Each structure stands twice: as structure tokens, then as C-alpha cells.
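First the structure, in the form of C-alpha cells, and then the observations on it.
The sequence lines fix the lettering, A, B, ..., with proteins before strands; numbering per chain opens at 1. Remember, predicted model here, so these are calculated numbers, not experimental data. Both backbone and side-chain heavy atoms feed into the values below; hydrogens, waters and symmetry mates do not.
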Amino acid sequence: MLEFIVFFFFAAVAIVFALVVILHRNPVVGALSLVASFFALAVMYVLLDAPFLAALQVIVYAGAIMVLFLFVIMLLNLQHVAEPNTRPVQQFLGYFASATFAAGLVYYVSKYAVLHALPPTRFSTSAQAIGERLFEAYIFPFEMVSILLLAAIVGALMLSGKAAVAIR
Amino acid sequence: MNPWMTYLIWPLIKFSIAFIAVQALVAAMNWIERRLLGFFQARLGPNRVGPWGLGQIIADPIKFLLKEDFVPARAEKVAYYLGPILPLLPSFIVFCLIPFGPPPTFAVTNNINVGLLLIFALTSTAVYGIILGGWASNNKFSLMGGLRSAAQMVSYEVPLGLSIVGVLMLTQSLELEEIVRYQEMNSWNVFPQLVACFIFIVAMNAENNRTPFDLPEAESELVAGFHTEYSAMKFAFYMLGEYSLMIVNSCLAVTLFFGGWSLGMGGIGFTTEVMQKMGWVGGLIGTGIFVTKMMLFLFMYIWFRATFPRFRFDQLMDLGWKFLIPLALANIFVTGIVLLAFPSRLYGDTVIAVGEIMLTVIGMIVIALTLVLLFKPKRPKVINASRVSEA
């Protein structure tokens, strides 16, 4: 009973704030709503018996990434001006693609969703279990992702350091 | 037990207790800090209201309540009001997760096996209040303060998070109670993790925007930084948030590095078993020990404030990214090697392992080297004109 109340409350919170993110004109409000949505998502993870993921969700997304987003938004000092619609075709394609995706999502979720209690998970979601899986079975993808991130950092340094290099 | 009791009523009761206790402590801290700062600077501090100036604890909140509540023109109203309140919530929730005494003392939420990560997650969101307040005030100085604090807090979360990895490798648990139990059976983590403790203390000062790192509110550059436009009770809320986060961080430092509620190492002294045998008296003693250690850390915050001059912003970033983060990574590396070389750690026994002693020695050498490097007299650096023009 309690679980159902918690689930539906936070599901509603997540969806409402996600809608605010796309519908609100002010980017700061959008970013903050996204943070609220992340928190609601973290509660979902807790309900799914994965508190480790929930904590990481908040640390990484709400605590670090969104702070940087806000930082950039404020640094650019975006005014809330409605931009004129210059690309009607792309806009239509965007609506179409997202509507298709949403319809597909709803269809498959309703087709395969389990509306009763799930059996206990096959593997533990504790930090230790995740760490062992990550560094034993999935060590190669893990390292590939870190190389990807390294490439991104090097790229950012190249782009931002260009002016300085040119002067020297 | 009834799930409503477990998940709703008990946490709410605990939350209320934490709220009241922290309110009282923050009010007291205000007086303690001003008084101590006075002594550090060879003056008396507030000593007029009541005996030893203790009436100041009540006088200050009354003043906050009675001052004009002011909202700047063209402020973003919602964000402006939300700003001071947001940092309060995570710090109060965190108090429900910290074990103040041996297990039966606060047995409401001790079964979270990611307790430490959850605390980090919650405290990492405290920055939003400062950013929001700075942005919503419609003031350039406030905005600068907010931006600075965003950059600073995100940067220093990295060394803060990395510094505890060594502790976790030793204790092999994310539960704060387990970490304390490990320390009382082996040694306080401050010894084998001396470097990590050093990093943690520096980073926690920076996280709280306390004085050597208080650039978000540097009054010589930014008037009062992010809270320039805040008056009366809203300003008091910012202060409350800052001080409760100080208390949270002190609690964390005590739990992670200084043995939590226990007083003794290697299974000798006031350990959990001894306290549990004594019943509720033992619980009180444990809580007393914890609070005493925590107060020492709060004293250290004030001591730092009275001692160190403020960093420049580039110095702050250099310290975080070029010194603390590599040091923290090196600490993880060395800890890992020593733990692999000497896997003879005995949990629940009274043996302090070889590896821990080795780590202690290494840590002392590193800290000594750091101090020598930091305080080596050097000639003032001439600012390179060409570098200035580049920037």
C-alpha cells in the first residue's frame, strides 16, 4: 500500500517536472525542474531495491552535471525571448519522431510490463556486486567508456586552448 | 513493524529531533564563533548581553526576525524565496542518517547499505540554494558569487569523494556504523588514511565556503556575494544552511576518520560492546563522545577562519585540480598496493595490521613533504605580462 502511494506520487512528480522542462520558457526553471525529475527517478530506483543506483543518480546528475548546466545557463545570461520559428520542416519532423517514439514506448511497455510483484532479482544491486561485475565481466566496455570520456576532455582542451596556442 | 511506522512516523520524529537540535546548535555556534574569533584576534567578542554574552544567542534571532524583509526589484520571485530554504533540507535529512551513538541509540535508518553515498548525494545538492539565490537576486555581485560557488563546490566535491575511497577500501563498507566498528577494532582511519583525512578536511572547508575558500562571499570583491540582496530571516536561513552543513561535514569527518562514537582502538577502550553492556548510559556516553569530537571539528573551522587569508580564485582552482585530486588518486593507488601486499587485516580481532602501520608511515612522510613544500620560503612570483594578455 505504502509502496503504491510512494510510486504513484513520485511517478507523477517525475512526469510533471519533465513536462515543465520542455514547456517552460525560462531555461533556469527548466534545469531546476530536471533536477526535481531526477530526484523522483532516484526514488524509483529505491523502490526497485537499488539504493546504490539511486545515490549515484543524485550524486552524478543532480549534484554535478545539472550544477554545471545551471552554471553555463547563468554565465550566458539567457534572456527569455521566444525565438521565431525559422525551420518548420524540422519542427514537424521533430514532433513526428517524438510522437512515434512515445507511441512505441507506450505500446511495448503496456505489452511487456509486469503489473504484479516482481520475483527477487537474480543478482544483488549492492555496491560490491556492481563493482565486481563492472571490473570483472564488463571491464572492456568500462575502459572503452573511459577512453571515450578522455577523448572528450582532450577535444575540449584542444578547442578551448586554440587561442592561447595561436598567440604563443 | 508496521511499514507506516518504519518509513514515515519514525523518520519524521527523528527529522524533528534533528531539526530542533541543529537549530539550537547553530544559534549557539553563532555566539561561539564570534566569541572565539574575538579571542583569536585578542579582543573580547560579544560579552554585553547576559552573562558572558550568552544572551546574544537569543538576541540575534530576534534581530533577524524584526529586520525589514526586503525583495529587490525585478527579482525572480520563486527562485529568490527558494534559495535560502533549499540548502536546509538535505542537511536536516542527513542528520537522520548519521549514527551518533552505538547501534540501539539511533536505530531508525541504519539498514541503508549505501548510507555514505546517500549522504554525499544529499549534501551535493546544497549548492543549488546558493546558485539560485545568486541568480534570482538580479544583482551582478550576487550572480558572480553564485557562479563562483557553483564552480568551487563542483570542483571540491571531486577530491572530497576521492578521499573517502581509501577509507572504503580499508573498511569495505558504505555503512557508517560498519566504518565506526572497523575503526574501533583496528585503528582510527586518520592514521592509515592520513593523506585522505588531510584532503577531506581541506575539501570540506571549501565545500562549505568557509574562510580560506569563501570566495562566493568575498566582501572585498563582491560586496557580500550571493547573499548581498538577502535581509532579515532569509539571510538567517542562508546562515542556518551553512552552519548545519558545517555540522554535517564535521559529523562525517568524525565518523570516517576519528572513530565515530567510540573512544579507543584495537578493541581496547570505550568500544561499542562496552557501551552496549552499560545500557542507555553507554548510549549517552557514546553520543557524548561523538558530539565532543564534532565540536572539536567546529572549533577547527573557526580556527581556520581566524588563521588563514582568503585564496585568489585561480589559486583555489589550482589547489583543487592540480594538487588535491592527484594526491587523492595517489592515495587510492598506494592504499590499494599496500592492501594487496599485506592482506592480513583482521576484523573483530585486536591486531593492528602491518599494512595499516605502513600506510600510516607513508601518510606521515607525504604530509611532511607537503608542509615543507608549502612553507618553503620563496621569492614573490613576477606576473608574466604575456600570460596576462593571453587570459
Side-chain angles (χ1 to χ4, degrees), chain A residues 1-6 24 26-29 31-36 38-39 42 45-47 49-78 80 124-131 161-168, chain B residues 2-8 76 78-79 82-83 86 89-90 97 111-128 130-132 134-136 140 142-144 146-155 157-158 160-161 168-169 172-175 207 386-387 389-391:
Chain A
M1 185 57 201
L2 187 62
E3 256 177 47
F4 263 94
I5 294 173
V6 172
H24 205 281
N26 191 337
V28 175
V29 176
L32 287 170
S33 313
L34 198 54
V35 174
F38 284 151
F39 267 97
Y45 285 132
V46 173
L47 284 180
D49 217 5
F52 182 69
L53 275 186
L56 284 193
Q57 160 91 7
V58 175
I59 290 178
V60 174
Y61 287 101
I65 292 182
M66 287 318 290
V67 175
L68 290 179
F69 268 55
L70 266 182
F71 182 81
V72 172
I73 291 172
M74 286 176 185
L75 204 63
L76 297 177
N77 200 11
L78 297 174
H80 0 128
S124 161
T125 49
S126 73
Q128 192 174 4
I130 290 178
K162 217 170 189 175
V165 172
I167 290 172
R168 202 172 294 140
Chain B
N2 189 340
W4 289 90
M5 277 300 274
T6 323
Y7 296 112
L8 206 67
E76 300 276 340
V78 179
L82 219 57
L86 273 186
L89 277 176
L97 302 171
N111 281 330
I112 302 176
N113 63 3
V114 290
L116 191 58
L117 278 181
L118 196 58
I119 290 175
F120 268 79
L122 287 169
T123 51
S124 71
T125 54
V127 62
Y128 283 111
I130 292 175
I131 306 182
L132 263 190
W135 170 74
K140 281 183 184 121
S142 300
L143 183 65
M144 282 301 296
L147 286 178
R148 277 186 177 187
S149 101
Q152 176 180 333
M153 287 173 97
V154 168
S155 307
E157 238 155 56
V158 182
L160 196 74
L168 300 182
M169 284 160 86
Q172 308 228 325
S173 177
L174 283 168
E175 269 174 74
E207 275 286 290
S386 66
R387 279 194 65 182
S389 66
E390 265 173 37

Inter-residue atom distance [X].[atom1] - [Y].[atom2], 0.5 Å rounding:
X	Y	atom1	atom2	value
B:Ile131	A:Met66	CD1	CE	10.0 Å
A:Tyr61	B:Ser124	OH	OG	14.0 Å
A:Phe52	B:Leu174	CZ	CG	7.0 Å

task: Counting only heavy atoms closer than 4.5 Å, note whether A:Val35 contacts chain B via side chain, backbone, both or neither.
output: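 It is the side chain, since no backbone atom gets that close.
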message: With a 4.5 angstrom heavy-atom cut-off, is it the side chain or the backbone of A:Ile5 that approaches chain B, or both, or neither?
response: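 The side chain, not the backbone.
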Which atoms of B:Phe120 approach chain A - backbone, side chain, both or neither, heavy atom under 4.5 Å: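 B:Phe120 touches chain A through backbone and side-chain heavy atoms alike.
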Contact origin within B:Ala151 toward chain A - heavy atom pairs under 4.5 Å: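 Both parts, heavy atoms under 4.5 Å.
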message: Counting heavy-atom pairs closer than 4.5 Å to chain A, which one of B:Leu117, B:Val158, B:Leu147, B:Leu122 comes out on top?
response: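 Of the options given, most contacts go to B:Leu147.
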message: Below 4.5 Å, heavy-atom pairs only: which of B:Leu82, B:Val127, B:Leu132 has the largest tally toward chain A?
response: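 Top count of heavy-atom pairs under 4.5 Å with chain A: B:Leu132.
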- request: Against chain B, work out which of A:Leu56, A:Leu32, A:Val6 has the most heavy-atom pairs shorter than 4.5 Å and name it.
  value: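 Greatest number of close heavy-atom pairs with chain B: A:Leu32.
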message: Below 4.5 Å, heavy-atom pairs only: which of A:Val60, A:Leu68, A:Val28 has the largest tally toward chain B?
response: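 Most pairs with chain B among the choices: A:Val28.
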query: Side chains of B:Val154 and A:Phe71: does their closest heavy-atom pair fall under 4.5 Å?
result: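 B:Val154 does not reach A:Phe71 side chain to side chain.
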- request: In sequence, state the C-alpha distance, the side-chain angles, and the governing distance for B:Trp135 and A:Ile73, and then conclude on side chain to side chain contact (heavy atoms under 4.5 Å, CB included).
  value: CA-CA 10 Å; B:Trp135 170 74; A:Ile73 291 172; over 6 Å; no
